[in-house]
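Okay, structure first, notes after.
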Amino acid sequence: MLSTAFLYLWKLDQNGWANAFYSAAVQSGEHNFTAFFFGSSDWGNSITVDKPPLSLWVMGLSVRLLGLNSWGLLIPQVIITLTSTLLIFVLMRRYLPASAALIATAVFAYTPITVLLARYNNPDPLMVLLMITALYTAIRATETGRLKPLLLTGGLLALGFLTKQLQAFLVLPAIAIVFLLFAQLSWRKRFLGLSLAGCVMAAGSLVWPLAVDLTPAQFRPFVGGSTSNSMMELTLGYNGIDRVVQHADDPSVSLIPQEFKSADSDAGLFRLLNVNYGQEIGWLLLATLLSCLAIFWAIAKRRLDRAEAILATAAALWFVSTYLILSFMSHGFHSYYTAALAPPLALCLGIGARLLLSGAKTIGGRVWITVSLVASFIFANAIWRISEVFPEWLGNITLLVGLLAASACAVRAPWPWLQRGAAVAAIGALLTGPVFCSLVTVGSPQSGSDPLSGGLTRSPYTLSRFVAGAKDQDPAWVHALLTGNSPSLLLRTRLQAAPATCTWAAATYPGQTAALFQLEVNRAIMPLGGFAVHDPNPTLKQFQNWVAAGQICYLVEQPEQLKVPGNSPEVLAIQNWVADTFQAEDIAGTNVYDLVKPRTNPPPK
C-alpha cells in the first residue's frame, strides 16, 4: 500500500487537467447546481458530458476542499484505487493464505492500466471499486445464505451504473451464476434473492436517468452523446449497443488513416494481446488464462473447499466474460476499458499461483507448473519487445531468471526453502514487466481522451504512434478532438473581458477544445455539437435565439474540424450563419466572431 501510494502520487500534477472534458464538467458543477446534478460540460447548461455524473460528484467535492487544480481533481482517483487495492487483499485473505492475497494485490496494484487511471480523472477507477465491492458482498451473501448482502450488491452495481452505465455490469454474470450454484438455499429462494437484488439494481440505476428524461428539456441541458436528448437512449445506444455491435459506417473509424489500421477491425480473441493494448493489460494475460484452467480443473476435481470454490469460480467467470466482451466489442473500444479486467486478472493469478504451488507434490503437477511458467515467460518477453522504451537486456534477464525458476520447479526440491525461493523468483520475474511499464507510465505526462500506458511502440503504425502524432498536431483535427486546442494569450484575454451579461463567453468545438477554453478562461464556453461535434445541439434556431438575447459573446472557429466528415449538420449550419452574419476578427491566427456586432459589409464568397 505504501509503495503504490508513492507510485500513484509521484509527480501527479504533471498530468495537468488530465481529461479536460471531465475537468471542465467538474468546474461547471462548482458554479451551478444544475450543472452539478446533470453533469453539464458548461455552467450555461447547454449540454452534458456523455457519462453519468457520480464520478464528477466525487471529484467536485474534492475540488471544493483542495481547489480546481490537478491535485484536487486527481487525489480522489488515487484514494479510490488504493481502496480497491486494499479490498483485493481483504477479499483474497478472507479465504486464502497471505501469499496468494499478496500476489493478487501486487498484480492489481502494478498493472499498468491501473496505475495509469489511478492518476487520471476518467470514471473507471470508481467503477472498478464498486465492481470489486459488489463481488465481495455477493460472495458473502453466497457464503452465508443471507439476502441483505445480496441486496447491497444490487445497490453497489446501481452506483456503478451511475458511474459508467452498462460497463459496470460486466461483473454481474459471475455474481448471478455463483449465487445460483453455491448459495445453500432452496432454488426458489435463490431466484427470489436474485430477483430482489435485480430490482434494487434496476431501481437504483434508473432513478437518475429517469429524473433527467422526465425533466422538461427547457429546464435542463441536452444529453451529450444522444441524438434525441434522452439519457435512456444514451444508455442503450451510444454507451450500450453501439459499443458492442460492429458498425461499418462508424465516422470515428473512417477518419483513422488506413496505415494505422491493419484490418477493418482488430476484434477477436487476440485483441488484448496486440501491439495496441499489450502494454495496458497483456503482460500476465497468458498466465491468467492458464490460472483459469487450473481453477476450473480444481473445482471439477473438488480440490477446493466451498468458500475457496465460491471465490475462485466468481473470479474465473468474471475474467472470462470480461475478456470475451472486450475482445469482441465494436470499433468503439478504448484502451482504458481494460481497467475492468484488472481485478479478475489479479484474483485469478493469486488463486492460480496457490493451486500451481500446491500441485508441486506430484510429477504431473510439477510438469504443469513448469509448462505454464515457461509459456508465461516467453509470452511476457514478447510484450517486452512492443515498445522501444523497454530495454531489451532487462527483458532478456527477466526471461532467463524466469526460465531458471521454472526449471527449479520441475523437480522436487530437497529443501522447502529452495522451492519457496524458486516460486518467489518466478513471481518476481513475472511482475518485472508490469512494474517497469508502470514506472514508464508514471514518468510520462498524460492528457486528453486517450491516455496510454507504457511508451511508444516500435511499429510506426499503432495506436500509441497515432495518439503521439495527434498531440503534435498531426493531424490537427485529431489533436483538437483527443487533446484540445488551448486559447492563445490574446484570445484568453479577450474572452475573459467578455461582458458579464453573456451566459457563455464563447462557443467553439470540439468538446476537448471547448473544455480547455473554459478551464483557462474561467468563463462558461458552449461546446457546439458535444464531444465529437456529432450531437444535434444546439439547433440553429436555438443558437440564433441565444445570440439575439445577448447570451453568447463570441464564436471561435476551428477550421480543421470543419473539414472532418460526420460533423453535426446543426453545427455546420451555425458556423455558416455566423460567417454570413458577423465579421471575423483574426486573433493570434484564429477567426473569432463577435456575436454582438453584426457584419456591416457583404460576406466573402
> Is there a side-chain contact between Val424 and Ile427 (heavy atoms, below 4.5 Å)?
Replying inline: no
> Roughly how far, to the nearest 0.5 Å, is CE of Met131 from OG1 of Thr153?
Replying inline: 13.0 Å
>> Could you check whether any side-chain N or O of Arg458 sits under 3.5 Å from a backbone N or O of Ile386, counting only pairs where one atom can act as donor and the other as acceptor?
In response: no
>> Are the side chains of Gln167 and Leu170 in contact, using a 4.5 Å heavy-atom criterion?
In response: yes
>> Counting C-beta onward and ignoring hydrogens, is there a side-chain heavy-atom pair between Val107 and Pro434 closer than 4.5 Å?
In response: no
>> So Arg94 and Arg140, do their side chains get closer than 4.5 Å, heavy atoms only?
In response: yes
> Do the side chains of Leu286 and Leu273 get nearer than 4.5 Å, heavy atoms only?
Replying inline: no
> Rounded to the nearest 0.5 Å, how far apart are CZ of Phe108 and CG of Leu87?
Replying inline: 9.0 Å
>> Given 3.5 Å as the limit, does a donor-acceptor pair link the side chain of Ser321 with the main chain of Trp318, or not?
In response: yes
>> Tell me whether Arg465 is salt-bridged to Glu388, with the criterion being a basic N under 4.0 Å from an acidic carboxylate O.
In response: yes
> Taking the side chain from Ser186 and the backbone from Lys189, do they hold a donor-acceptor pair closer than 3.5 Å?
Replying inline: yes
> Would you say Trp283 and Leu430 make side-chain contact, with heavy atoms under 4.5 Å?
Replying inline: no
> Are Thr111 and Val115 close enough, and set up right, to give a side-chain contact (heavy atoms from CB on, under 4.5 Å), and what steps lead you there?
Replying inline: CA-CA 6 Å; Thr111 295; Val115 176; over 6 Å; no
> Can any side-chain N or O of Arg306 pair as donor or acceptor with the backbone N or O of Phe182 at less than 3.5 Å?
Replying inline: yes
> So which heavy atom on Ala197 is nearest to which on Leu151, and how close?
Replying inline: N-CD2, 3.7 Å
>> Show the nearest heavy-atom pair for residues Pro209 and Ser205, with the distance to one decimal.
In response: CD-O, 3.0 Å
> Where is the tightest heavy-atom contact between Met127 and Ala340, given as atom of each residue plus distance?
Replying inline: CE-CB, 4.2 Å
> Looking at the rings of Trp384 and Phe436, which for Trp means the six-membered one, are their centres under 6.0 Å apart?
Replying inline: yes
>> To the nearest 0.5 Å, what is the distance between NZ on Lys301 and CZ on Phe296?
In response: 16.0 Å
>> Donor-acceptor pair, distance only, cut-off 3.5 Å: does the side chain of Thr235 make one with the backbone of Met231?
In response: yes
> To the nearest 0.5 Å, what is the distance between CG (Leu7) and CG (Leu2)?
Replying inline: 12.5 Å
>> Are Ser376 and Leu290 packed together at the side-chain level, in the sense that at least one heavy-atom pair is separated by less than 4.5 angstrom?
In response: yes
> About how many Å separate OG1 of Thr398 and CZ of Phe377, when rounded to the nearest 0.5 Å?
Replying inline: 8.5 Å
> Under the side-chain contact (heavy atoms from CB on, under 4.5 Å) criterion, do Thr83 and Thr133 qualify, and how do the steps go?
Replying inline: CA-CA 10 Å; Thr83 305; Thr133 312; over 6 Å; no
> Does any N or O in the side chain of Gln446 come within less than 3.5 Å of the main-chain N or O of Tyr120, such that one atom is a donor and the other an acceptor?
Replying inline: no
> Under the 3.5 angstrom rule, does the side chain of Arg354 hit a backbone N or O of Ala100 as a donor-acceptor pair?
Replying inline: no
>> Between Gln279 and Phe390, does the side-chain contact (heavy atoms from CB on, under 4.5 Å) criterion hold? Intermediate values first, please.
In response: CA-CA 11 Å; Gln279 295 183 78; Phe390 300 142; 3.3 Å; yes
>> Can you tell me how the ring of Tyr336 sits relative to the ring of His334, calling it parallel under 30°, perpendicular over 60° and tilted otherwise?
In response: parallel
> Given Leu355, which of Leu293, Ile295, Ile369 fulfils the side-chain contact (heavy atoms from CB on, under 4.5 Å) condition?
Replying inline: Ile295
> What is the minimum heavy-atom distance between Asn15 and Ser444, and which atoms define it?
Replying inline: OD1-O, 4.1 Å
> How far apart are the closest heavy atoms of Ala315 and Ile351, and which atoms are they?
Replying inline: CB-CD1, 4.1 Å
> Leu289 and Phe319: side-chain contact (heavy atoms from CB on, under 4.5 Å), yes or no, with the steps?
Replying inline: CA-CA 9 Å; Leu289 290 169; Phe319 176 82; 3.5 Å; yes
>> Between Thr338 and Glu280, do the side chains contain a donor N or O and an acceptor N or O under 3.5 Å apart?
In response: no
> Which heavy atom in Thr142 sits nearest to a heavy atom in Val178, and how many Å separate them?
Replying inline: CG2-O, 3.7 Å
> How about Asn19 and Asn121: does a side-chain donor come under 3.5 Å of a side-chain acceptor?
Replying inline: no
> Does the side chain to side chain donor-acceptor pair (under 3.5 Å) test come out yes or no for Gln77 and Tyr8, once each step is laid out?
Replying inline: CA-CA 9 Å; Gln77 308 296 82; Tyr8 297 165; over 6 Å; no
> For Asn276, does its backbone N or O pair with a side-chain atom of Arg271 as donor and acceptor, under 3.5 Å?
Replying inline: no
> Hey, does the side chain of Ser453 reach the backbone of Leu116 with a donor-acceptor pair shorter than 3.5 angstrom?
Replying inline: no
> Taking C-beta and beyond as the side chain, do Pro52 and Gln165 meet within less than 4.5 Å on heavy atoms?
Replying inline: yes
> Using 4.0 Å as the upper bound for N to carboxylate O, is an ion pair formed by Arg303 and Glu308?
Replying inline: no
>> Any side-chain to backbone donor/acceptor pair from Ser226 onto Glu233? Under 3.5 Å, distance only.
In response: no
>> Rounded at 0.5 Å granularity, tell me how far CG in Leu74 sits from CG in Leu9.
In response: 10.0 Å
